Amino acid sequence: MRLARFTEFGKKIICVGLNYKLHVKEMKNSLPTTPIVFLKPPTAYVINEGSIRIPKNCQELHHEVELGVVIGRKGSSVNENEAEDLIGGYVIALDMTARDLQSKAKSSGKPWSIAKGFDTSCPVGNFIPKEALPNANSLDIWCKVNGQLKQKGNTSDMIFTIPHLISYISQYFTLEIGDLILTGTPDGVGPVNSNDIIEIGIGDISKASFKIE
Ligand SMILES: CCCCCC(=O)O
Ligand SMILES: CC(=O)C(=O)O
Ligand SMILES: [Mg+2]
């Protein structure tokens, strides 16, 4: 199985929340003491140049640009100092979020699975082999809507580092080849509407674009 086609493997999409301080602030949350983890089904994938569909009953769809880590080796209960061995590569990705559905679920103490897991809620760019990105812990990630810069963050600002996330998640979920870990979004999240074009990227190394249907 060529890892570059990981979106076809039907594996887990494991998302981390509130992993950048300024995003925690804009969401009026408190800093997490351990990573906040939730899942998206593999039916959420959209590949580069695909279309994002606004889910039913959603009036406020938000972009959240995130660095994705593609798992290249199976592991569970992995120590932080061995975690990087599980990395197969990276992608730039969006954790599209039905913000109104999420807020309703949060306020009634219900899970926000639909708000985060609806079809087309995980657009991804092209796979980048690990060797091509030796500096994954200090990368600029950005998001533009209709050509206007909305988010720009650096992965060095993560509250929990990529090795820490891999180790923590692997205590609960065995990580399998083709799994994707979304590592959280920097500040600047906001709404998108039908016919908007979202462009995302890692510095000038990788970019992808998607249309809101
Ligand atoms: C506690 C969860 C806050 C959700 C913020 C987000 O989805 O970016
Ligand atoms: C909660 C969430 O999805 C984030 O901070 O990216
Ligand atoms: Mg997110």
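Order of appearance sets the numbers: ligands from 1, and atoms from 1 within every ligand. If you're wondering where the values come from, they're calculated on a predicted model, not measured in any experiment.
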Taking the minimum heavy-atom distance to atom 2 (C) of ligand 1, which of Trp112, Tyr20, Phe38 ranks first?
Trp112
Between Tyr45 and Phe9, is the gap from one ring center to the other below 6.0 Å?
no
Closest protein heavy atom to [atom], given as residue, atom name and distance to 0.1 Å:
atom: atom 1 (C) of ligand 2; result: Gly17 CA, 3.2 Å
atom: atom 3 (C) of ligand 1; result: Lys106 NZ, 3.7 Å
atom: atom 5 (O) of ligand 2; result: Leu18 N, 2.7 Å
atom: atom 5 (C) of ligand 1; result: Met27 CE, 3.8 Å
atom: atom 4 (C) of ligand 1; result: Gln102 NE2, 3.3 Å

Looking at the Mg ion (ligand 3), which N/O/S atom of [X] is the nearest one?
X: Glu66; answer: OE2
X: Asp95; answer: OD2
X: Glu64; answer: OE1

Using a 4.0 Å heavy-atom cut-off, which part of Lys28 comes near ligand 1: side chain, backbone, both, or neither?
neither
Region of Thr185 engaging ligand 1 - heavy atom pairs below 4.0 Å:
neither
Based purely on interatomic distance, does Trp112 place a nitrogen or oxygen under 3.5 Å from a nitrogen or oxygen of ligand 2?
no
Heteroatom proximity flag, Lys116 to ligand 2, N/O under 3.5 Å:
yes
Heavy-atom count around Ile47 CD1 within 6.0 Å, excluding the residue itself: above 12?
no
Please state whether Leu18 comes within less than 4.0 angstrom of ligand 1, counting heavy atoms only.
yes
Taking only non-hydrogen atoms of His62, do any sit less than 4.0 angstrom from ligand 1?
no
Do the side chains of Val16 and Phe173 join up, straight or via other hydrophobic residues, at under 4.5 Å, putting them in one cluster?
yes
Heavy-atom donor-acceptor pair, Gln151 side chain to Val65 backbone, under 3.5 Å:
yes
Contact check, side chains of Pro32 and Ile159, non-hydrogen atoms, under 4.5 Å:
yes
Indicate yes or no: at least one non-hydrogen side-chain atom of Lys11 is less than 4.5 angstrom from one of Leu180.
no
Has ligand 1 got any nitrogen or oxygen that is less than 3.5 angstrom from a nitrogen or oxygen of Asn29?
no
